[in-house]
Q: 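Here's a structure for you.
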Number of protein chains: 2
Amino acid sequence: MIRAATIIDDRQPALQRLAALAPLDAEVIDTIVAAAGQAQTIRARRELVSEGREIAEPLLLLRGWAARVRLLPDGRRQFLSFLLPGDVVGHCPQPRPVAVATIVALTDVLVCAAPPAAPGSVLGTVYAVGDALDQAYVLAHVTRLGRLNAQERIGDLLLELHERLTLNGMARGTSFDLPLTQETLADALGLTSVHVNRMVQQARRENDLQWKGGRVTLLDPPGLARKIGRVPVRVSATVGPQPARAR
Amino acid sequence: MIRAATIIDDRQPALQRLAALAPLDAEVIDTIVAAAGQAQTIRARRELVSEGREIAEPLLLLRGWAARVRLLPDGRRQFLSFLLPGDVVGHCPQPRPVAVATIVALTDVLVCAAPPAAPGSVLGTVYAVGDALDQAYVLAHVTRLGRLNAQERIGDLLLELHERLTLNGMARGTSFDLPLTQETLADALGLTSVHVNRMVQQARRENDLQWKGGRVTLLDPPGLARKIGRVPVRVSATVGPQPARAR
DNA sequence: CGGAAATTTGAGACGAATCAATAGCTGTGG
DNA sequence: CCACAGCTATTGATTCGTCTCAAATTTCCG
């Protein structure tokens with residue numbers, strides 16, 4: 001029974017996130033649960049997808065963190081985006097798609113094949129909204145890197161992660177587990193780990209956040225968002241995490 | 001006759017680019033030419049799409065340059081990507097899509113409605129490959145902003161633009177028209193216009209490029225690519241601008 | 001030709017990188 | 001239970017790249 005409970009726990013964040021993208025019916029839930037039954041674990045640091053290689057099939061991330069990353073010839077590294085439970089990776093409609101970035105597991109990760117979906121079906125809508133969100137997060141990342149300073153970049157990324165982890169139920173209020181080293185964060189934010197460290201300390205001093213032992217608490221998310229001029233993501237008028245709201 | 005020739009010239013880069021994404025049959029070409037017949041001109045600085053507003057229909061860019069851009073509350077500006085003739089904008093499969101970025105005309109621009117396409121059709125493949133390329137260019141931009149220095153950013157972007165303008169036939173050898181101010185370039189590259197100016201001058205001194213009166217000539221594209229560690233984009237094993245090649 | 005926009009130049013300030021060392025943690029095995 | 005190895009986080013001193021501010025100068029365009 002403990003075993004079963006654990007498995008259900010594993011699926012819960014992914015299911016919750018998919019359900020947030022579009023209302024799921026029982027049939028779709030069954031499809032996803034069935035796919036999740038064939039899940040496999042991949043160890044931290046292993047590659048899920050390799051840049052330049054053909055993509056086999058889209059995957060649904062059930063547990064753990066992954067990231068899209070690009071390595072430069074001279075060893076510099078840039079994380080392009082973080083992938084959380086409920087995210088679908090490698091969903092490309094063109095024929096014989098080739099991966100334009102490597103996807104690497106940041107923690108041990110549980111993945112299953114993403115069930116195929118007809119365009120226009122419920123699941124098709126879920127994937128479409130998920131893809132749109134992915135793209136929106138990448139665009140937000142461009143702005144972060146291009147026009148925010150170090151302190152703003154850190155705050156902005158943590159707010160985004162909190163938003164996404166709230167969506168899939170992995171946040172507890174304003175706290176969440178952050179299984180990233182400061183070096184990883186630096187390679188996502190276009191900074192050095194030394195500077196990330198200094199700016200995190202400053203954020204702690206300014207009572208923007210706590211961060212100890214892999215767990216982050218944002219002390220005032222709306223205040224922080226105001227401080228760095230962040231607006232939440234919205235990709236559809238009818239569905240998704242940011243419901244329409246009167247002006 | 002001069003009039004007709006002009007119109008054909010206008011369509012040519014867009015058609016050439018679409019044809020490069022997947023082989024077009026006569027019917028698809030007719031469809032595109034018919035759509036292009038309903039084209040309209042939009043003046044420089046006008047918005048084609050507004051962030052936060054619902055997207056009406058996808059558009060095909062026939063002539064001129066546009067860009068996706070995001071404005072921060074305090075006036076900072078970040079260009080997310082440049083759009084060239086043959087690019088399709090606002091192609092979003094989710095229901096009632098909302099624009100996550102503004103699209104603004106950088107020059108006078110000619111656009112028409114992008115003809116609808118069934119998934120799996122020739123035109124559907126064209127759109128799919130085009131979308132994949134767009135996403136790949138955005139990911140390249142993330143890497144540019146996160147891990148390249150000012151000189152590398154400029155060279156890398158110019159190489160990408162040259163690659164794209166070669167694809168749609170707007171480049172002449174290693175030269176092409178670049179209708180951007182240094183300030184626009186700066187807002188794309190996360191720099192100030194003053195610094196862009198200095199780095200462009202340095203590139204001129206080092207014989208990497210010429211740039212006069214809105215026209216750029218790259219003096220040794222492969223050499224420049226090597227110098228900054230650039231690898232061209234490839235999104236499909238069967239189609240697209242970068243054919244498979246023996247190692 | 002005149003005025004606005006774009007490019008260029010200079011001097012100085014500041015944010016982030018670099019280099020180097022120390023301290024803290026985590027897991028491992030004796 | 002302690003000692004050790006190997007990360008990860010932290011601190012300090014200094015350098016470097018880019019920004020800022022300000023002022024020419026040149027180019028574009030009506």
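In what follows, chains carry the letters A, B, and so on, assigned in the order in which the sequence lines appear, proteins first and then strands, with residues in each chain numbered from 1.
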Q: Rounded to the Å, how far apart are E183(A) CD and dT8(D) C1'?
A: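 In whole Å, dT8(D) C1' lies 9 Å from E183(A) CD.
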Q: List the atom pairs, with distances to 0.1 Å, where a side-chain N or O of residues 61-79 of chain B and a protein N or O form a donor-acceptor pair under 3.5 Å, not counting sequence neighbours.
A:
from: R63(B); atom 1: NE; to: D10(B); atom 2: OD1; distance (Å): 2.9
from: R63(B); atom 1: NE; to: D10(B); atom 2: OD2; distance (Å): 3.1
from: R68(B); atom 1: NE; to: S81(B); atom 2: OG; distance (Å): 3.0
from: R68(B); atom 1: NH2; to: S81(B); atom 2: OG; distance (Å): 3.4
from: R70(B); atom 1: NE; to: V100(B); atom 2: O; distance (Å): 3.4
from: R70(B); atom 1: NH2; to: V100(B); atom 2: O; distance (Å): 2.4
from: D74(B); atom 1: OD1; to: R76(B); atom 2: N; distance (Å): 3.2
from: D74(B); atom 1: OD1; to: R76(B); atom 2: NE; distance (Å): 3.3
from: D74(B); atom 1: OD2; to: R76(B); atom 2: NE; distance (Å): 2.9
from: D74(B); atom 1: OD2; to: R76(B); atom 2: NH2; distance (Å): 3.1
from: R76(B); atom 1: NH1; to: R147(A); atom 2: O; distance (Å): 2.8
from: R76(B); atom 1: NH1; to: E152(A); atom 2: OE1; distance (Å): 3.1
from: R76(B); atom 1: NH2; to: E152(A); atom 2: OE2; distance (Å): 3.1
from: R77(B); atom 1: NE; to: D187(B); atom 2: OD2; distance (Å): 2.7
from: R77(B); atom 1: NH2; to: D187(B); atom 2: OD2; distance (Å): 2.9
from: Q78(B); atom 1: NE2; to: D187(B); atom 2: O; distance (Å): 3.3
from: Q78(B); atom 1: NE2; to: A188(B); atom 2: O; distance (Å): 3.0

Q: If you count every heavy atom of other residues, nucleotides or ligands that lies below 6.0 Å from R204(A) atom CZ, does the total exceed 12?
A: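 Buried by this count: over 12 neighbours within 6.0 Å.
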Q: Could you list the protein-to-nucleotides 10-17 of chain C atom pairs, N/O on both sides, closer than 3.5 Å?
A:
from: dG10(C); atom 1: N7; to: R198(B); atom 2: NH2; distance (Å): 2.4
from: dG10(C); atom 1: O6; to: R198(B); atom 2: NH2; distance (Å): 3.4
from: dA16(C); atom 1: OP1; to: A150(A); atom 2: N; distance (Å): 2.9
from: dA16(C); atom 1: OP2; to: H195(A); atom 2: NE2; distance (Å): 3.2
from: dA16(C); atom 1: O5'; to: H195(A); atom 2: NE2; distance (Å): 3.3
from: dA17(C); atom 1: OP1; to: T192(A); atom 2: N; distance (Å): 3.3
from: dA17(C); atom 1: OP2; to: T192(A); atom 2: N; distance (Å): 3.1
from: dA17(C); atom 1: OP2; to: T192(A); atom 2: OG1; distance (Å): 2.9

Q: For K212(A) and dT26(C), what is the distance between atoms NZ and P respectively, to the nearest whole Å?
A: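 For the pair K212(A) NZ and dT26(C) P, the rounded distance is 12 Å.
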Q: Taking E47(A) first and then R53(A), would you say they form a salt bridge - that is, a charged N and a carboxylate O separated by under 4.0 Å?
A: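 Salt bridge between E47(A) and R53(A), a charged N being under 4.0 Å from a carboxylate O: no.
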Q: Report the distance from atom CZ of R215(B) to atom P of dA6(C), rounded to the nearest whole Å.
A: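 Taking CZ of R215(B) and P of dA6(C), I get 20 Å after rounding.
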Q: Have a look at R76(A) and say if it touches a base, only the backbone sugar-phosphate, or nothing, with a 4.0 Å heavy-atom cut-off.
A: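 Touches nothing.
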Q: For the pair made of CG in L178(B) and C1' in dT7(C), what is the distance, rounded to whole Å?
A: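 Interatomic distance, CG of L178(B) to C1' of dT7(C): 14 Å.
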Q: Between protein and nucleotides 25-27 of chain D, what N or O pairs are separated by less than 3.5 Å?
A:
none

Q: Identify the heavy atoms of P85(A) and N168(A) that sit nearest to each other, and give their distance.
A: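 Looking at all heavy atoms of both residues, the closest pair is O-ND2, 3.0 Å.
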Q: Using whole Å, what does the distance between atom P of nucleotide dT7(C) and atom CD1 of I154(B) come to?
A: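 In whole Å, dT7(C) P and I154(B) CD1 are 12 Å from each other.
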Q: Please write out the pairs of protein N or O atoms and N or O atoms of nucleotides 1-5 of chain C separated by less than 3.5 Å, giving the distance to one decimal.
A:
none

Q: Less than 4.5 Å apart, side chain to side chain, heavy atoms only: is that true for L148(B) and I228(B)?
A: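 SC-SC contact between L148(B) and I228(B) ruled out.
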Q: Is there a donor in the side chain of R144(B) and an acceptor in the side chain of H141(B), or the other way round, less than 3.5 Å apart?
A: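 Yes, H141(B) and R144(B) have a side-chain donor paired with an acceptor closer than 3.5 Å.
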Q: Among E160(B), R17(B), M170(B), which residue meets the side-chain contact (heavy atoms from CB on, under 4.5 Å) test with L165(B)?
A: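 That would be M170(B).
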Q: Considering only heavy atoms from C-beta outward, does the side chain of V33(B) approach that of L15(B) to under 4.5 Å?
A: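 A side-chain contact under 4.5 Å exists here.
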Q: Minimum heavy-atom separation for V88(A) and A114(A), please, with both atom names.
A: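 Smallest interatomic distance, heavy atoms only, reads CG1-CB, 4.2 Å.
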Q: Atom CD1 of I103(A) and atom CG of L59(A): how far apart are they, to the nearest 0.5 Å?
A: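 Nearest 0.5 Å value for the CD1-CG distance: 7.5 Å.
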Q: Output a table of donor-acceptor pairs, distance under 3.5 Å, between side-chain atoms of residues 207-215 of chain A and any protein atom two or more places apart or on a different chain; print 'none' if there are none.
A:
from: D208(A); atom 1: OD1; to: K227(A); atom 2: NZ; distance (Å): 3.3
from: D208(A); atom 1: OD2; to: K227(A); atom 2: NZ; distance (Å): 2.7
from: R215(A); atom 1: NE; to: D177(A); atom 2: OD1; distance (Å): 3.2

Q: Are Q135(A) and D131(A) linked by a side-chain donor-acceptor pair shorter than 3.5 Å?
A: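 Per modelled atom types, Q135(A) and D131(A) side chains form no pair under 3.5 Å.
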Q: Given atom CD of Q182(A) and atom C1' of dC7(D), what is their separation to the nearest angstrom?
A: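 Computing the Q182(A):CD to dC7(D):C1' distance gives 13 Å.
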Q: Check whether any side-chain N or O of T174(A) sits under 3.5 Å from a backbone N or O of L218(A) as a donor-acceptor pair, and report yes or no.
A: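 It does hold such a pair.
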Q: Return the value, rounded to whole Å, for the distance between atom CG of N197(A) and atom C1' of dT22(C).
A: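 Between C1' of dT22(C) and CG of N197(A): 13 Å.
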Q: When the axes are fitted on five pairs at both termini, how much does the helix from dC1(C)-dG30(D) to dG30(C)-dC1(D) curve, in 10° steps?
A: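 About 40° separates the two local helix axes.
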